[in-house]
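Okay, so here's the structure we're looking at.
Owing to the predicted nature of the structure, the values given are computational and were not obtained by experimental measurement. Each chain gets a letter, A, B and so on, in the order its sequence line appears, and its residues count up from 1. No hydrogens, no waters, no symmetry mates; every other heavy atom, side chains included, goes into these values.
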Amino acid sequence: MEAERTDQEMQRRQKLQMLRSQGIEPYQSRFDRTHSAAQAIALFEQVEQSGGAEARSERVALAGRLVAIRVMGKATFAHLQDFSGRIQLLAKVDKLGAEPYRRFTDLDLGDVIGVHGTLFRTRRGEITCEIDDFVLLAKSLRPLPEKYHGLKDKELRYRQRYLDLIANPEVMEVFLARSRLVEETRTFLRGRGFTEVETPVLQAMAGGAAARPFRTHHNALDMDLYLRIALELYLKRLIIGGFDRVYEIGRIFRNEGMDQWHSPEYTMLELYQAYTDVEGMMELTESLVIHLVERVRGTPTIQYQGQEIRFSRPFARVEMVEAVSRVVGEDLLKADVPTLQGLIQKHGIQPKPGLGWGGLIAELFEELVQDTLVQPTFVLGHPVEVSPLARRRSSDPRLTDRFELFIAGEEIANAFSELNDPDDQRARFEDQARARAAGDDETHPMDEDFLTALEYGFPPTGGMGLGVDRLAAILTDQPSIRDVILFPHLRARHAEP
RNA sequence: GGGGGUGUAGCUCAGUGGUAGAGCACCUGCCUUUUAAGCAGGGUGUCGAGAGUUCGAUCCUCUCCGCCCCUACCA
């Protein structure tokens, strides 16, 4: 069901036919470049320093996509775009010869070409490659988006990201920054003695978080499997196995709603370090985030969607219960469930059914406090009820040794002293099962295999998870994680009539 | 899931109950240092899809589809 060809496509295909009839192959296999556009420009700047304004460079070979062409009779200017940027080309009939010159002016925007020529500076001051030879490497059969406004239609930008990348250079910058962020994460963790590992994506049981999983089916084994919703439980097994410090940067999948901060598949960093605790994780997280801001942005203070965010040590720290208490004007450590339910009602919140003290505290926090945490802030001491894998706080058994890091009102990281008491862990899973029975469909499943592993002895461990997409969106000042995911999910086109 | 917005040429967008426009792109011609090149000429379209109202619908009504924003659930 190929769409009908437009006028411009027909014209381009006619040119293609014409070229082939002249014995020119419009799809070549190789072109040896000597310089990228940026390297060529740097090269000429050097040549110019020693050779003066009339300088010419040595002969260079450049390749890229033709993104602008201005035919002015017997001379033609064009712009060639490659990964590094753009460089102007000048083709002159007396240099190329009549027939090659005609073929050059007959090129279309979007064609991929290779050229040979020397570099000079035009009267208007632009460093330019005057070509003596060119070759068509790949004929483009469809017209490019508009040159001045770029590609704006979000649907097209996401569905045909390659066009977005061609037409909007700042989009390329965003994805390069994201790549640097991941690379610098690895650099940082290597410096701290972490080992990178890979754990199963297909799991018999989707654990490590409370979320609805995607289900799939293994034909040969004839069993249902789930796509992972977290990395946690397998990484913990590795700590039990003797890895001291492990991490994984991997895709996880949650079968839930999507918006500017949620995607059904997203990239999570999780790390575990033996013999440390939530305090150690806080130090590590703060150092990592500051390192990343420094390396990706080069400055500790950034603008995010018009608000200034300062990444300076130490990040703010606040107890979750205290933060909520402050807003409601009441010490909630001393509040009972009916009191909390009253507050929930008063603020017009409709929570999941059957929540206890901790669940209600967490609910109030999300509704009343979270959005206000624009500057990087560690929120500490989450209730046990919402933390089935975290170690209980010795000073208050209703709470855990846990933190979440909020930036721009969004949860970026989550960490805790890992629960390493197998019997307590079993009890937590049983609590989760009770919550499920009471109507909560996002509870942690009972995982006997994991409990078995814990029973062999799980060293005291600090663990941390960080949402890579969210952090990337904040560090690149993008309003949605869709803008830092190359191919975000969209509904399939061509739905039934 | 609920509310709002939007869909018109390859792209960016205007517009009207009487059969569709601009800029860029494209085609023809002129132009040897231009650069959102310029000048002269050319409109290339299932006005998201279907049904209805109407003499006549791109426009009005209904249904459906995509995308965006807000809201609900989740990290």
If you go through the side-chain atoms of [X], does one of them form a donor-acceptor pair with the base of [N] closer than 3.5 Å?
| X | N | answer |
| --- | --- | --- |
| Arg70(A) | U34(B) | yes |
| Asp153(A) | U12(B) | no |
| Gln88(A) | U34(B) | yes |
| Glu146(A) | A25(B) | no |
| His149(A) | C11(B) | no |

Margin query: Pairing donors with acceptors under 3.5 angstrom, does anything connect the side chains of Gln88(A) and Arg70(A)?
Written below: yes
Margin query: Counting the atoms with a prime plus P, OP1 and OP2 as sugar-phosphate, which does Lys92(A) contact under 4.0 Å by heavy atoms, base, sugar-phosphate, or nothing?
Written below: base
Next item on the list: Have a look at Leu490(A) and say if it touches a base, only the backbone sugar-phosphate, or nothing, with a 4.0 Å heavy-atom cut-off.
Entry: sugar-phosphate
Next item on the list: Taking Watson-Crick and G-U wobble pairs with both distances under 3.5 Å, convert RNA chain B into its dot-bracket string, 5' to 3', dots for unpaired and | for cross-strand pairs.
Entry: (((((((..((((....[..))))((((((.......))))).)...(((((..]....))))))))))))....
Notebook entry, point to check: Should Lys74(A) be listed as having a side-chain N or O under 4.0 Å from OP1 or OP2 of U34(B)?
Noted result: no
Next item on the list: Check whether any side-chain nitrogen or oxygen of Arg491(A) sits under 4.0 Å from OP1 or OP2 of C68(B), and answer yes or no.
Entry: no
Checklist line | Backbone N/O of Pro200(A) and side chain of Tyr234(A): donor-acceptor pair under 3.5 Å | finding: no
Using a cut-off of under 3.5 Å, enumerate the N/O to N/O pairs linking the protein to nucleotides 40-42 of chain B.
none

Notebook entry, point to check: Going through the distances and angles, do Arg228(A) and Glu265(A) end up as a salt bridge (Lys or Arg N to Asp or Glu O under 4.0 Å)?
Noted result: CA-CA 10 Å; Arg228(A) 65 184 176 187; Glu265(A) 58 177 295; over 6 Å; no
